[in-house]
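Report on the following structure.
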Amino acid sequence: MDAHEVNRARAKLALFVADVFASVPRKDQRAKGDCYLRGLMLDGRRKSIQPMAERLPDGNEQNLQQFVNQSTWDPVPVRRRIAERMVPQVGPDAWAIDDVSFPKDGKMSVAVAHQYCGALGKQANCQVAVSVHAVSDTASCPLQWRLFVPEEWADDAVRRRKTGIPQEVGHREKWRLALDTLDELAGWGMVPPAVVADAGYGQNADFRDGLTGRGIAYVVAIRSDVTVHPHDVQPTAPAWSGNGRKPQPRYRDKPSSVSALVAGHGRQAFTEVTWREGSRGPMRSRFLALRVRPAGVRSRRLAQAAATQEGMWDGVLPEVTLLAEWPEDAEAPTDYWLSSLPADTPLNELVRLAKIRWRIEHDYRELKHGLGLDHFEGRTWNGWHHHVTLVTAAHAFLTEQRLAPKADTANSPSTRSSTPSRTC
């Protein structure tokens with residue numbers, strides 16, 4: 001936005017800030033939040049504090065630095081209110097889980113480590129955050145964030161103290177952070193219609209089991225080497241001789257990789273599906289859905305643990321849908337997903353949800369390139385969370401203007417206890 005556009009939106013932004021930052025106790029802090037959001041939305045190559053302050057007529061670098069890096073305002077109620085405003089407006093078909101990386105120099109930025117950096121496509125020095133987004137075909141918005149704390153930071157007392165990492169925060173795998181975030185959002189009265197995620201999460205049997213245990217349906221990407229049994233194969237047990245432990249039922253045939261199973265059906269088994277209108281015309285490809293039972297040691301142990309809580313395990317692995325894509329110009333299938341949606345879910349709906357993660361990339365482009373998500377130069381835990389919350393607020397405000405510039409917004413249940421919490 002140029003300066004003229006920002007000035008035209010000042011009145012709407014003031015109302016937005018008054019609602020979203022109602023949990024921030026001091027009026028001057030809310031005013032700084034308004035100023036920071038204008039700085040993020042205003043055109044400019046860098047969205048770190050110094051250049052933003054220089055571009056803003058009321059920008060004060062020292063005040064903004066203190067507001068973001070030293071101030072003790074709690075970002076969680078702010079993010080909660082953003083989620084409460086945005087979920088009804090987006091009308092999500094799913095929540096998308098992903099992670100995003102921020103390349104960094106040095107070792108003192110909070111939670112920085114040499115790890116895989118998606119922004120660079122290689123191992124590099126960076127921070128990584130897990131995010132959950134409400135997504136539809138027409139809009140999306142981040143709902144909550146978790147900063148990933150690498151193992152090397154778990155017991156590094158010096159760096160933890162200097163960056164202000166809370167004592168109770170330690171190392172947790174990204175898939176656990178994603179489930180933690182879903183639990184927090186559920187505590188706010190928000191439950192996803194379904195979860196979508198890339199293979200970094202979908203490949204993980206514990207993550208899929210965690211979603212199932214929470215009653216959350218999913219459509220998640222997997223790699224081609226995931227092994228499965230056809231849905232109609234039954235486990236059997238050898239005849240018991242009467243001596244020793246009684247044999248347990250198990251599948252006698254080796255599982256197949258999803259790539260081998262799908263390729264065995266041949267190209268003729270695939271159906272053309274159009275899932276949305278792209279900038280260059282209809283987005284279409286060829287797909288096949290099969291009912292399968294994911295195999296592997298971890299899948300078997302999770303199924304057995306769940307079954308033995310209710311009685312004896314019969315050896316049967318849970319059944320899900322395998323979705324595969326074989327583009328017309330490809331020599332073999334290219335992409336695979338597992339879905340826990342009902343077996344009678346139409347193929348075009350499965351495909352639409354499998355492909356809806358494109359909205360995440362749309363969010364990250366705007367959050368990073370337009371709103372300076374990765375331009376933060378501070379080093380502390382509080383500073384990072386304040387900045388991410390402010391960027392999320394700027395993104396939410398712009399999304400609101402695109403969706404319904406004149407729409408009324410309900411009272412804030414996160415700051416007005418007499419108002420019941422809203423659900424998805």
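The basis for the numbers below is simple: all heavy atoms, side chains too, and nothing from hydrogens, waters or symmetry mates.
Residue D180 comes nearest to R172 through the heavy atom pair OD2-NE, 2.7 Å, listed as atom of the first residue, atom of the second, then distance. The nearest pair of heavy atoms linking D58 to R38 is OD2-NH2, 2.6 Å.
Taking the side chain as every heavy atom from C-beta outward, D206 and R298 approach each other to under 4.5 Å. Using a 4.5 Å heavy-atom cutoff, the side chains of L15 and D19 are not in contact. Between F21 and L37, some side-chain heavy-atom pair lies under the 4.5 Å cut-off. In this structure the side chain of F148 never reaches within 4.5 angstrom of the side chain of W153, judged on heavy atoms. Two residues are said to be in side-chain contact when any heavy atoms from C-beta on lie closer than 4.5 Å; D156 and E152 fail this criterion. For the pair Q29/P25, a side-chain contact is recorded, criterion being any heavy-atom separation below 4.5 Å from C-beta on.
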*Evaluation steps, salt bridge (charged side-chain N to carboxylate O under 4.0 Å, His left out), between E5 and R10*: CA-CA 9 Å; E5 291 171 320; R10 285 289 295 271; over 6 Å; no
*Yes or no on salt bridge (charged side-chain N to carboxylate O under 4.0 Å, His left out) for R85 and E400, after CA distance, side-chain angles and deciding distance?*
CA-CA 9 Å; R85 280 180 74 112; E400 280 194 351; 2.8 Å; yes
_Evaluate E184 against R80 for salt bridge (charged side-chain N to carboxylate O under 4.0 Å, His left out), listing each step before the verdict._
CA-CA 10 Å; E184 182 175 24; R80 175 174 178 172; over 6 Å; no
*Take E361 and R365, measure what salt bridge (charged side-chain N to carboxylate O under 4.0 Å, His left out) needs, and give me the verdict at the end.*
CA-CA 6 Å; E361 302 307 322; R365 280 197 301 273; 5.6 Å; no
*asked:* Run R30 and W73 through side chain to side chain contact (heavy atoms under 4.5 Å, CB included) and show every step you take.
replied: CA-CA 10 Å; R30 296 193 293 274; W73 61 274; over 6 Å; no
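Ion pair K104/E377 not flagged as a salt bridge, since none of the NZ, NE, NH1 or NH2 atoms sits closer than 4.0 Å to an Asp/Glu carboxylate oxygen. The pair R160-D155 fails the salt-bridge criterion, with no side-chain N (NZ, NE, NH1 or NH2) lying under 4.0 Å from an Asp/Glu carboxylate O. Taking 4.0 Å as the cut-off between side-chain N and carboxylate O, R352 and D93 count as a salt-bridged pair.
Using cut-offs of 30° and 60° on the angle between ring planes, the pair F67 and H386 is parallel. Under the 30°/60° scheme for interplanar angles, the aromatic rings of W145 and H133 are found to stand perpendicular.
Using modelled atom types, one finds no donor on one side chain facing an acceptor on the other under 3.5 Å when comparing R208 with S340. When only modelled atom types and interatomic distance are considered, S101 and Y116 share no side-chain donor-acceptor pair under 3.5 Å. S285 and E325 share a side-chain donor-acceptor pair at under 3.5 Å.
Proximity of a side-chain donor or acceptor of H231 to a complementary backbone N or O of V292 within less than 3.5 Å is not detected.
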